[in-house]
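Reading through the structure tokens given below for one structure.
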Protein chains: 2
Amino acid sequence: MIEPDWSHYRAFVAVLREGSLSGAARALGLAQPTLGRQIAELERNLGAALFIRSPRGLVPTDAARDIAPHAEAMAAAAGAMMRLASGGTDGASGVVRVTASDIIGAEVLPALLGAFRRAHPAATIELALSNRVEDLLRGDADIAVRMVRPSQQALVTRHIGAVSLGLYAHRRYLEGAPPLRSLATLARDHALIGFDRGTPFLREMLTRLPLTRDDFALRADSDLAQLAAIRAGFGIGFIQHGIARRDPELIPIFPGEIGFTLDMWLALHEDLRASRRLRLMMDHLAAGLAAYVAQSQP
Amino acid sequence: MIEPDWSHYRAFVAVLREGSLSGAARALGLAQPTLGRQIAELERNLGAALFIRSPRGLVPTDAARDIAPHAEAMAAAAGAMMRLASGGTDGASGVVRVTASDIIGAEVLPALLGAFRRAHPAATIELALSNRVEDLLRGDADIAVRMVRPSQQALVTRHIGAVSLGLYAHRRYLEGAPPLRSLATLARDHALIGFDRGTPFLREMLTRLPLTRDDFALRADSDLAQLAAIRAGFGIGFIQHGIARRDPELIPIFPGEIGFTLDMWLALHEDLRASRRLRLMMDHLAAGLAAYVAQSQP
DNA sequence: TCGTAGATATACATATTTGCATGATCGAGC
DNA sequence: GCTCGATCATGCAAATATGTATATCTACGA
């Protein structure tokens, strides 16, 4: 076996993402025959067929699926290096890539990132919404906002505080629903919104509450989907207080009687600690999120 | 900024490792001017100087040091893909890369790996000795033998058992040393061998023993160095029972009175779970290590 | 049934990259 | 002070990769 040309892995990732040589060629700004030849040579060098050619595109083989995560890791690393280089000898300029859970990224971060951008117009910000913690180690992102303590070594972490969640429902839902009697009868009388499979962490949380998975009328692992369902008047579910309180139509249910808290953490790869613009972003997020945490108490 | 040709990152890693264009060229099987031009273009594309040229070689700049870990990650991923591809559609053939702490790798694994090789002659085995846990996530290795529970998600783990350690000394040392009186006077009368900075985990272990760092006459973080020192008759130190009992010249010191245990774990990246040869190796190691653990009880 | 859109494969001229040979520079050691 | 050995830089011919244009195939829809 011959070590393949690394640029062919770039072609491989593009074909994998786009599903066709032509699409990958467009994405990379190359010609379609070029990609065809690069993939062919990659297959020759690795000694394995990676795609089944068809007139509809290229279908990855098992071998391709095996190596795909590593190729994606290469792409992530390459992206990280470009971000690093874009900052030059480090002013506030350059790209900062932030990853967060979808709900934080959609409801809390936009305002904070906007303020950062106004303070540092030379900065470019990328926001990636995902719950995968390994993103930082792989270089998929520079800074992560997480609701679990990042356990990886090689990560610099910063504890922001505890965010509390409580039950809320939209005013529209409550108008047409039976009266709220007691916590014990809640699941019987009302449409509850909760987690489907959930993360191990959240599942543990649920065991401390007087609710089980079967009590939920709508189960979704996406926080955003749950929030949207509550806002749409589907029923009753958990929302972070800081988010719910912005909307006067969202009514707290049994406040003080039921709820739980999540710790919020910021994490940074230790290799990036020296970067000035990342430290600026880190400080800005820490301050903004701390303010958010303060608004999120029961 | 232009996205650099990924193959130039390969050149970058080689230059970083070898310290010169000529050396990198030899390592990669390319010509020295080729490497020079590739590095030059990488610098142009990233918009940053990566090396200071000198007649003695190339010295990396800060920018180079910033991106170096990511480039190394690319190299690790590329290596992982080659290993995966070498296994083909998965018989028992191909490369298996195992990482373990140095002492396990030197004292316990060789016999196990030899047996595996005899059972599966088509397999090639690589053994990397290191205590870094992130190796698996980066793709530096396929299977890890660790003495701490791997915490990363995306890792499939398997608990082997608890290995016990006790104090041992070589017969030669004891012949010329003062008599063994009591545990309390051990540090005063004898040359003790222990950890220097140690891992956080081992440091915590030490707090449970009636010994402190200052009691050690020889401090080394390398388990192998400690073992060698004990075998050479330097003094008294901790050895895993299973290793010490193979050598009748190694005499247990206060057996049953002092010691501690370490849990042994096998870990595999979840992306590799499907590979047949890795499962074979995993099962083989699990069985062999379990036998070793059985011999390592107090 | 036929035409269209989108896909992969092939042919050939053109760019680009590579390797070899050579020159230039610096430090170590006698 | 000089040579030796190592390095990086440069010029030029050959090998290689790329792009354009074209042919071919298949699914989809009028």
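Below, chains carry the letters A, B, ... as their sequence lines are ordered, and counting in each starts from 1.
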Tell me whether B:Asp142 contacts the main-chain N or O of B:Arg97 through its side chain, where contact means a donor paired with an acceptor under 3.5 Å. yes

Name the atoms and distances for all side-chain donor-acceptor pairs under 3.5 Å in residues 8-27 of chain B, with sequence neighbours left out.
{"residue": "B:Arg17", "atom": "NH2", "partner": "B:Glu72", "partner atom": "OE1", "Å": "2.9"}
{"residue": "B:Ser20", "atom": "OG", "partner": "B:Gly23", "partner atom": "N", "Å": "2.8"}

Side chain to side chain contact (heavy atoms under 4.5 Å, CB included) evaluation trace for A:Trp6 with B:Asp5: CA-CA 8 Å; A:Trp6 283 16; B:Asp5 186 328; over 6 Å; no

Just so I know, are the side chains of B:Leu50 and B:Ile67 near enough to count as touching, which here means a heavy-atom distance under 4.5 Å? yes

Sidechain-backbone polar pair: A:Thr61 side chain, A:Ala49 backbone, donor-acceptor under 3.5 Å: yes

Is there side-chain contact between B:Leu268 and B:Leu278, with at least one heavy-atom pair below 4.5 Å? yes

How close or far is atom C1' of C:dA9 from atom CD1 of A:Ile52, stated in whole angstroms? 17 Å

Roughly, in whole Å, what's the span from CZ in A:Arg37 to P in C:dT10? 11 Å

Give me the residues of residues 15-27 of chain A where at least one heavy atom lies under 4.0 Å from an atom of DNA chain C, by number, or none. A:Ser20, A:Leu21, A:Ser22, A:Arg26

For A:Ile230, the side-chain contact (heavy atoms from CB on, under 4.5 Å) test, sequence neighbours excluded, returns A:Ile193, A:Ile239, A:Leu250

Using heavy-atom distances to pick each residue's nearest nucleotide on DNA chain D, tell me which of B:Leu58 and A:Leu30 is more 5'. B:Leu58

With sequence neighbours excluded, residues passing ring-ring contact (aromatic ring centres under 6.0 Å, His included) with A:His170: none

Expressed in angstrom and rounded to an integer, what is the separation of B:Leu35 atom CG from C:dT17 atom P? 15 Å

Within the side chain of A:Glu43, is there an N or O that forms a donor-acceptor pair under 3.5 Å with the backbone of A:Ala48? no

State whether the side chain of B:Arg65 and the backbone N or O of B:Pro60 hold a donor-acceptor pair below 3.5 Å, judged by distance alone. yes

Can you check the B:Asn45 CG to C:dT16 P distance for me, whole Å? 14 Å

Rounded off to whole Å, could you give me the CG-to-C1' distance for the A:Asp5 and C:dT18 pair? 13 Å

Is it true that A:Arg83 and B:Glu3 have a side-chain N and a carboxylate O under 4.0 angstrom from each other? no

B/S/- along nucleotides 21-26 of chain C (protein heavy atoms under 4.0 Å) is B---BS

Footprint ends on DNA chain D, 5' to 3', for atoms under 4.0 angstrom from a heavy atom of chain B, come out as D:dT7 to D:dG11

